[in-house]
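A quick write-up on the structure given underneath.
Being a predicted model, the structure only gives us computed values, none of them experimental. Note that ligands are numbered from 1 as they come in the structure, with each ligand's atoms numbered from 1 the same way. The analysis underlying the following values was restricted to heavy atoms, covering all of them including side chains, and did not include hydrogens, waters or symmetry mates.
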Amino acid sequence: MIDLFVIKVGGNVIDNPALLDAFLQKFAAIKGKKILIHGGGKIATRIGDQLGIESKYVNGRRITDAATIDVVTMVYGGLVNKQLVAKLQANGCNAIGMTGADANIIPATKRPVKDIDYGFVGDINTADVQGASLRALLEADLIPVFAPLTHDGKGQMLNTNADTIASSLAVALSKFYEVRLIYCFEKKGVLHSPDDDNSVITLIDRMIYEELKADNVLTDGILPKLENAFAAIESGVAEVLIGHADDVQSNTTDTVAGTLIR
Ligand SMILES: Nc1ncnc2c1ncn2[C@@H]1O[C@H](COP(=O)(O)OP(=O)(O)O)[C@@H](O)[C@H]1O
Ligand SMILES: CC(=O)N[C@@H](CCC(=O)OP(=O)(O)O)C(=O)O
């Protein structure tokens with residue numbers, strides 16, 4: 001039986017106040033143990049623009065130079081994280097805001113420079129994720145809320161994709177709990193036609209995934225999301241779902257809406 005929900009909410013939801021408020025209300029109402037991981041890429045891009053710091057992406061990852069790591073640390077670890085915590089508190093949810101540096105929960109290594117220099121982007125040291133410390137917070141009935149930031153153990157903050165953080169935390173916690181990982185975004189799930197919310201693909205396994213890729217059904221951010229979903233399933237996470245932020249509550253029950261990854 002599932003006894004922990006690891007839930008990720010993406011940038012398009014965070015950037016839409018009505019959708020975000022509805023999501024947080026539903027998240028707060030979910031019974032049982034839960035963790036929230038948030039993105040916020042769009043807000044970081046907007047605030048960067050205001051500061052004259054332009055955003056550049058390669059393969060869905062932000063090139064994070066010295067000025068950009070300061071922006072994302074402020075935006076993800078400060079503005080977005082604390083606003084979400086305050087709104088969850090207002091909904092009666094005892095949230096505690098964190099980055100991967102806090103309690104050393106997510107140690108990472110600066111991505112080595114090969115063809116591309118991503119700058120201060122962190123690859124998670126998966127075996128070192130402190131699942132036991134996180135369990136202690138959960139057992140104290142706190143609700144951890146993670147910003148997409150890690151650290152190198154030598155004093156440097158690193159920027160890490162939020163989908164990857166969610167997958168790594170789900171894997172680390174699956175030692176202690178039966179975990180359902182839920183990716184929440186602004187679509188009803190993985191879609192056959194990206195513009196048609198009624199075209200949800202209800203089940204994707206590796207074979208279907210390869211077929212969908214070959215047919216060019218999957219583009220942009222959905223590709224790394226599915227890779228992270230498969231990585232979780234293949235490393236001990238019981239269930240992974242990709243669905244709409246509005247459906248988060250039903251997706252913690254047996255009546256799921258969205259795409260199940262197997
Ligand atoms: N077949 C598809 N089904 C759903 N989304 C798709 C599909 N193909 C491309 N996408 C795009 O992938 C995006 C989700 O990835 P991303 O922007 O990284 O999400 P998040 O908001 O969680 O960060 C959707 O907003 C959508 O534009
Ligand atoms: C390295 C890297 O690309 N990090 C991401 C972290 C934020 C994120 O993942 O936000 P969404 O879930 O809203 O896309 C970035 O800075 O955009």
Side-chain angles (χ1 to χ4, degrees), residues 7-16 19-20 23 36-48 53-65 67-77 79-81 84 99-100 106 108-111 116-124 146-150 157-168 181-202 204 208-209 211-229 241-245 248 258-259 261:
I7 299 178
K8 188 259 168 171
V9 64
N12 287 321
V13 176
I14 292 171
D15 211 34
N16 176 332
L19 200 53
L20 177 63
F23 168 80
L36 182 64
I37 298 96
H38 64 81
K42 275 182 120 180
I43 301 181
T45 298
R46 198 164 57 240
I47 293 184
I53 297 161
E54 195 200 334
S55 296
K56 288 186 221 81
Y57 278 88
V58 176
N59 298 328
R61 300 293 186 263
R62 188 184 301 267
I63 304 285
T64 307
D65 62 12
T68 306
I69 190 67
D70 285 352
V71 172
V72 298
T73 302
M74 289 188 276
V75 173
Y76 303 151
L79 185 68
V80 176
N81 190 267
L84 294 192
T99 71
I106 317 177
T109 304
K110 183 174 176 293
R111 185 167 298 180
I116 299 150
D117 183 358
Y118 283 94
F120 296 105
V121 164
D123 290 324
I124 297 173
F146 274 90
L149 295 165
T150 57
M157 291 301 286
L158 297 167
N159 183 11
T160 299
N161 176 270
D163 289 352
T164 309
I165 293 202
S167 168
S168 297
L181 169 61
I182 308 174
Y183 285 110
C184 297
F185 69 144
E186 80 292 2
K187 310 255 183 209
K188 289 266 179 204
V190 183
L191 306 172
H192 261 298
S193 322
D195 295 325
D196 179 4
D197 247 356
N198 295 317
S199 67
V200 175
I201 304 163
T202 49
I204 299 185
I208 299 172
Y209 177 53
E211 284 169 12
L212 292 169
K213 265 203 301 195
D215 293 345
N216 288 323
V217 170
L218 310 170
T219 56
D220 308 320
I222 206 72
L223 283 166
K225 204 178 290 301
L226 279 161
E227 285 298 336
N228 280 303
L241 274 170
I242 299 179
H244 201 290
V248 65
T259 303
I261 310 303

For [atom], the protein heavy atom that lies nearest, with its residue and separation:
{"atom": "atom 23 (O) of ligand 1", "answer": "Lys8 NZ, 3.5 Å"}
{"atom": "atom 18 (O) of ligand 1", "answer": "Gly221 CA, 3.4 Å"}
{"atom": "atom 26 (C) of ligand 1", "answer": "Lys187 CE, 3.8 Å"}
{"atom": "atom 1 (N) of ligand 1", "answer": "Leu191 O, 2.8 Å"}
{"atom": "atom 17 (O) of ligand 1", "answer": "Asn12 ND2, 4.3 Å"}
{"atom": "atom 20 (P) of ligand 1", "answer": "Lys225 NZ, 3.6 Å"}
{"atom": "atom 12 (O) of ligand 1", "answer": "Ile222 N, 3.4 Å"}
{"atom": "atom 4 (C) of ligand 1", "answer": "Gly189 O, 3.6 Å"}
{"atom": "atom 4 (N) of ligand 2", "answer": "Asn159 OD1, 3.0 Å"}

Gap separating the [atom1] atom of [X] from the [atom2] atom of [Y], nearest 0.5 angstrom:
{"X": "Leu19", "Y": "Ile14", "atom1": "CG", "atom2": "CD1", "answer": "10.5 Å"}
{"X": "Thr64", "Y": "Tyr57", "atom1": "OG1", "atom2": "OH", "answer": "8.5 Å"}
{"X": "Phe23", "Y": "Glu186", "atom1": "CZ", "atom2": "CD", "answer": "13.0 Å"}
{"X": "Thr259", "Y": "Ile222", "atom1": "OG1", "atom2": "CD1", "answer": "7.5 Å"}

Ala44 heavy atom under 4.0 Å from ligand 2
no
Consider ligand 2: state whether an atom of it lies below 4.0 angstrom from any non-hydrogen atom of Tyr57.
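So Tyr57 counts as touching ligand 2.
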Does only the side chain of [X] get under 4.0 Å from ligand 2, or the backbone, or both, or neither? Count heavy atoms.
{"X": "Thr64", "value": "neither"}
{"X": "Tyr76", "value": "side chain"}
{"X": "Ala162", "value": "both"}

Evaluate the 4.0 Å heavy atom contact test for atom 14 (O) of ligand 2: does a protein atom fall under the cut-off?
no
Is there a polar contact between ligand 1 and Val190, counting only N or O atoms under 3.5 Å apart?
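No; the residue has no nitrogen or oxygen that sits under 3.5 Å from a nitrogen or oxygen of the ligand.
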Any heavy atom of [X] sitting closer than 4.0 Å to ligand 1?
{"X": "Glu186", "answer": "yes"}
{"X": "Pro224", "answer": "no"}
{"X": "Gly11", "answer": "yes"}

With a cut-off of 4.0 Å, which atoms of ligand 2 are near a heavy atom of [X]?
{"X": "Gly39", "result": "8 (C), 10 (O), 11 (P), 12 (O), 13 (O)"}
{"X": "Lys8", "result": "12 (O)"}
{"X": "Gly40", "result": "10 (O), 11 (P), 13 (O)"}

Polar side chain donor-acceptor pair, Thr68 to Asp65, under 3.5 angstrom:
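Short answer, yes.
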Donor-acceptor pair, [X] side chain versus [Y] backbone, under 3.5 Å?
{"X": "Arg62", "Y": "Gly41", "answer": "yes"}
{"X": "Asn161", "Y": "Asp163", "answer": "yes"}
{"X": "Ser199", "Y": "Leu191", "answer": "no"}

Lys/Arg cation over aromatic Tyr118: Arg61, 6.0 Å, 45° cone
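No cation-pi geometry.
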Does the distance from a Lys or Arg side-chain N to an Asp or Glu carboxylate O, for Lys188 and Asp197, drop under 4.0 Å?
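Salt bridge between Lys188 and Asp197, a charged N being under 4.0 Å from a carboxylate O: no.
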Please name the pair of heavy atoms, one in Leu149 and one in Ile165, separated by the smallest distance, quoted to 0.1 Å.
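Heavy atoms of Leu149 and Ile165 come nearest at N-CD1, 3.8 Å.
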If you compare all heavy atoms of His38 against all heavy atoms of Ala162, which two are closest, and at what distance to 0.1 Å?
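Smallest interatomic distance, heavy atoms only, reads O-CB, 3.6 Å.
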Subset of ligand 1 atoms that lie under 4.0 Å from at least one heavy atom of Thr219:
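By the 4.0 Å cutoff, the relevant atoms are 8 (N), 9 (C), 10 (N).
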Pull out every atom of ligand 1 sitting under 4.0 Å from any heavy atom of Phe185, numbered as shown with elements.
5 (N), 14 (C), 22 (O), 24 (C)
Answer yes or no: does an N/O atom from Val121 fall short of 3.5 Å to an N/O atom of ligand 2?
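No - when backbone and side-chain N and O of Val121 are compared with those of ligand 2, no distance drops under 3.5 Å.
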Under 3.5 Å between any N/O of Arg62 and any N/O of ligand 2: does that happen in this structure?
yes
